[in-house]
Amino acid sequence: MSTNKILLKFAKKGINLSPEAYNKVINAKDPINYASSLIVKLKSDKFSPKDLISVSGEMVDEINGIKKEESNNQKSLTEDITHNEEIKIKKESIETHSEIQQQIKVDTKAENKQDLSIIKKEDTIDNLKKESDTPEKYINKEILEASETIKDEKIKFKRNEQKTNVKYDFKIIQDTSKKSYTSGEIENLISYFKSRYEKLSNILSKRPELRNYTKIADIDDSQENLSLILMVREIRTSKNGHKIIEFEDDTGTISILFSHNNEELFAEAEKLVKDEVIGVIANKSDDPGFAFGQQIIDPGVLRVPDKEMDFGIVFLSDVHIGSLTFLEDAFQRFIDWINCEYGSEEQRRIAEDVKYLVIGGDIVDGIGVYPNQDKELAIKDITEQYNEAARFLGNIRSDIKIIIAPGNHDASRVAEPQPAVPEEYAKALYELDNVEFISNPGVVSLDGINVLIYHGRSFDDLVMAVKQFTHERNDLLMEELLKKRHLAPIYGERTPLASELEDYLVIDELPDIFHTGHVHINTYKKFKGIHLINSGTFQTQTEFQKIYNIEPTPAQVPVIHKGKYKHLKFIE
């Protein structure tokens with residue numbers, strides 16, 4: 001990264017680096033990520049605008065936890081730079097200062113020309129959760145200070161204006177965007193769980209062991225062996241370490257003990273979570289409301305046969321455009337690659353075959369998603385974040401169809417299933433000819449290849465409920481959700497679920513590709529013929545992730561190229 005670009009990156013945020021501080025940034029192992037991280041920390045409450053007038057090398061050391069006496073005793077990076085090089089850097093800084101200030105003035109002038117009176121809505125999280133907002137008649141002071149105004153004018157994109165003759169066999173198989181009928185009443189919740197039980201019972205009853213299953217109310221004294229299809233109601237551990245699980249169906253309840261002496265069965269019982277539907281083979285006890293478990297049968301996955309494909313599909317999620325930690329340079333390299341303008345000859349040949357780009361949520365960072373998020377935002381207006389996303393995607397080849405689903409950072413309702421990103425926030429994206437919008441979850445057919453798109457928020461609940469699961473091995477989480485045939489089986493925890501009249505998160509039909517995101521960690525696995533893909537992120541480690549020791553794998557893009565998995569890195 002050039003001197004001009006580094007200094008401009010800081011100057012746009014109102015930060016001026018001393019030559020010593022600049023040396024520390026430019027000589028970091030990864031100057032781009034280091035600069036973004038440093039900006040976030042400098043913009044925190046700890047430093048005032050006065051502190052940012054001239055950031056010293058000592059301030060940089062303080063932020064990175066390097067004590068003054070330690071730095072005096074150790075050879076710093078700046079000691080490797082000769083006196084002549086220091087003079088050169090200072091000269092470059094002076095020469096580019098006027099150019100930088102001119103750029104900032106141009107940007108500021110463009111912003112100042114905007115009429116603040118066109119702001120009609122408060123950018124609060126409550127408003128963003130709604131399908132449609134009611135315009136406010138007043139301007140809130142806090143909103144005024146946090147917002148940036150934009151012009152309502154059509155955006156032109158050089159790539160998107162080029163028409164294509166490529167024929168797509170594109171079908172939307174499942175999209176719940178306009179299928180929300182819930183009123184939040186208790187009757188809706190009853191219908192929701194009844195729908196879940198009926199859908200999964202239909203899958204389970206095709207298993208040989210469960211074809212003649214019995215309802216709890218129909219168990220009679222003559223039966224010794226029970227074949228049941230049940231929903232998990234409560235899980236507890238006995239004083240002796242056995243699992244005792246209370247189940248229910250639409251006729252009653254029964255408790256079943258899974259002994260720790262049967263290690264294999266007990267291990268399966270430990271993976272059970274509340275509200276999932278399974279089959280159980282059990283021995284009846286003398287107590288009519290109690291039984292001893294012998295076998296657990298999940299809805300499961302039959303092998304999905306491989307399909308021929310002569311094209312490529314690229315998968316993205318968690319781009320987080322608008323965040324200070326968004327890796328803009330790496331994402332631009334990705335855009336250049338998919339346009340066949342970057343990479344080796346072989347890598348460009350892969351790009352030439354790309355026909356579809358699937359984005360599984362969090363294309364932008366959003367507004368008000370978590371406390372004090374505004375301090376970590378480069379773009380503090382939700383519509384402008386989507387405009388910036390359109391600027392990038394609008395320069396992707398027009399012969400690539402782009403499918404976009406929402407995530408928990410997008411301007412869709414938070415409760416799943418999430419409707420597609422609404423046009424009122426993402427008008428610039430809707431104007432792109434090659435973009436299709438879909439709900440989360442959603443299923444599409446791409447030239448006969450069925451892709452299940454789910455952002456992956458339920459991973460958080462699964463990791464909390466089952467001790468052996470981790471965010472890092474989200475491929476195992478995807479495998480478990482397929483076995484359970486449900487994308488978010490646990491109701492009422494961290495993942496908000498809408499009590500629709502039908503449970504749209506049941507996996508009725510098995511896909512060829514299961515694509516997720518959310519956890520910012522790339523994984524891949526082929527399970528029973530199904531490609532399991534988590535597409536990672538284009539954002540460096542956030543403060544939240546540091547707290548939970550989550551190490552993201554940024555700027556790594558998965559591709560299914562003619563049926564084979566490829567993994568392309570756009571950052572060292």
Side-chain angles (χ1 to χ4, degrees), residues 1 5 9 30-33 35-36 157-160 162 311-365 378-379 385-405 407 409 428-429 432 434-435 446 451 453 513 515-518 520-524 533-541 552-561 564-572:
M1 181 177 276
K5 199 167 184 180
K9 191 177 184 75
D30 188 340
I32 299 173
N33 290 344
S36 297
F157 306 103
K158 63 179 183 181
R159 289 280 182 177
N160 199 252
Q162 300 171 1
F311 59 96
I313 308 173
V314 174
F315 298 90
L316 295 180
S317 66
D318 301 275
V319 184
H320 289 280
I321 293 169
S323 168
L324 282 170
T325 52
F326 164 54
L327 293 168
E328 180 176 347
D329 294 334
F331 195 64
Q332 185 58 58
R333 286 194 289 274
F334 162 75
I335 300 292
D336 293 340
W337 166 78
I338 207 169
N339 287 333
C340 308
E341 298 169 355
Y342 184 82
S344 67
E345 184 178 349
E346 181 181 352
Q347 291 165 347
R348 291 196 303 273
R349 280 201 298 268
I350 295 172
E352 288 172 359
D353 293 326
V354 173
K355 197 171 182 180
Y356 298 96
L357 168 60
V358 179
I359 303 176
D362 287 1
I363 188 171
V364 298
D365 203 52
I379 303 173
Q385 288 183 10
Y386 283 113
N387 286 352
E388 183 73 351
R391 183 177 71 82
F392 283 108
L393 300 187
N395 285 318
I396 289 178
R397 291 160 29 205
S398 59
D399 61 342
I400 294 177
K401 187 172 286 294
I402 303 170
I403 299 98
I404 300 176
H409 280 250
L429 283 171
L432 301 181
N434 57 336
V435 171
L446 309 180
V451 181
I453 308 165
I513 300 172
H515 173 222
T516 63
H518 186 58
H520 294 205
I521 298 173
N522 290 86
T523 57
Y524 173 77
I533 298 172
N534 190 299
S535 49
T537 184
F538 265 88
Q539 184 182 38
T540 56
Q541 189 181 42
T553 55
Q556 301 183 28
V557 177
V559 184
I560 298 294
H561 179 246
K564 302 294 183 183
Y565 180 78
K566 302 287 185 182
H567 192 86
L568 306 179
K569 296 183 178 182
F570 292 89
I571 194 171
E572 290 296 332

Would you say the side-chain atoms of H515 and S535 include a donor-acceptor pair closer than 3.5 Å?
yes

Option from D318, T516, T523 for which side-chain hydrogen bond (donor to acceptor under 3.5 Å, both in side chains) with N534 holds
T516

When you compare the side chain of L446 with that of I403, does any pair of heavy atoms fall below 4.5 Å?
yes

Point-to-point distance, once rounded to the nearest 0.5 Å, from CG of L432 to NZ of K401
11.5 Å

Show the nearest heavy-atom pair for residues Q539 and T537, with the distance to one decimal.
N-OG1, 3.1 Å

Is there a side-chain contact between F326 and D365 (heavy atoms, below 4.5 Å)?
no

How long is the straight-line distance from CD1 of I400 back to CG of L357, given to the nearest 0.5 Å?
7.0 Å

Taking the side chain as every heavy atom from C-beta outward, state whether I379 and N387 have any atom pair closer than 4.5 Å.
no

Are V319 and F334 side-chain neighbours, meaning at least one heavy-atom pair lies under 4.5 Å?
no

Using 0.5 Å steps for rounding, measure from the CD atom of Q556 to the CG atom of L568.
10.0 Å

Should I560 and I533 count as side-chain neighbours, where that means a heavy-atom distance under 4.5 Å?
yes

Sidechain-backbone polar pair: D336 side chain, Y342 backbone, donor-acceptor under 3.5 Å
no

Using 0.5 Å steps for rounding, measure from the CG atom of N395 to the CG atom of N339.
7.5 Å

Quick one: closest heavy-atom pair of R333 and I571, and the distance?
NH2-CA, 4.2 Å

Minimum heavy-atom distance between V364 and H409, given as atom pair plus value
O-CB, 3.6 Å

Interatomic distance, F315 atom CZ to I359 atom CD1 [nearest 0.5 angstrom]:
12.0 Å

Please state whether the rings of Y524 and Y565 are parallel, tilted or perpendicular, taking 30° and 60° as the class boundaries.
parallel

Could you state the interatomic distance from NE2 (H567) to OG1 (T553), rounded to the nearest 0.5 Å?
6.5 Å

Decide yes or no for L393 and I363: does some side-chain heavy atom of the first lie under 4.5 Å from some side-chain heavy atom of the second?
yes

Just so I know, are the side chains of F538 and I321 near enough to count as touching, which here means a heavy-atom distance under 4.5 Å?
no

E352/R348 under salt bridge (Lys or Arg N to Asp or Glu O under 4.0 Å): CA gap, chis, key distance, verdict
CA-CA 6 Å; E352 288 172 359; R348 291 196 303 273; over 6 Å; no

Sidechain-backbone polar pair: D362 side chain, H320 backbone, donor-acceptor under 3.5 Å
no

Smallest separation among heavy atoms of F570 and A330, with atom names:
O-CB, 3.6 Å

Hey, mind stepping through Q332 and F392 against side-chain contact (heavy atoms from CB on, under 4.5 Å) and telling me if it holds?
CA-CA 8 Å; Q332 185 58 58; F392 283 108; 3.7 Å; yes

Which atom names give the shortest non-hydrogen contact between A555 and L327, and what distance separates them?
CB-CD1, 4.4 Å

Which atoms form the tightest heavy-atom contact between I313 and V358, and what is the distance?
CG2-CG2, 4.0 Å

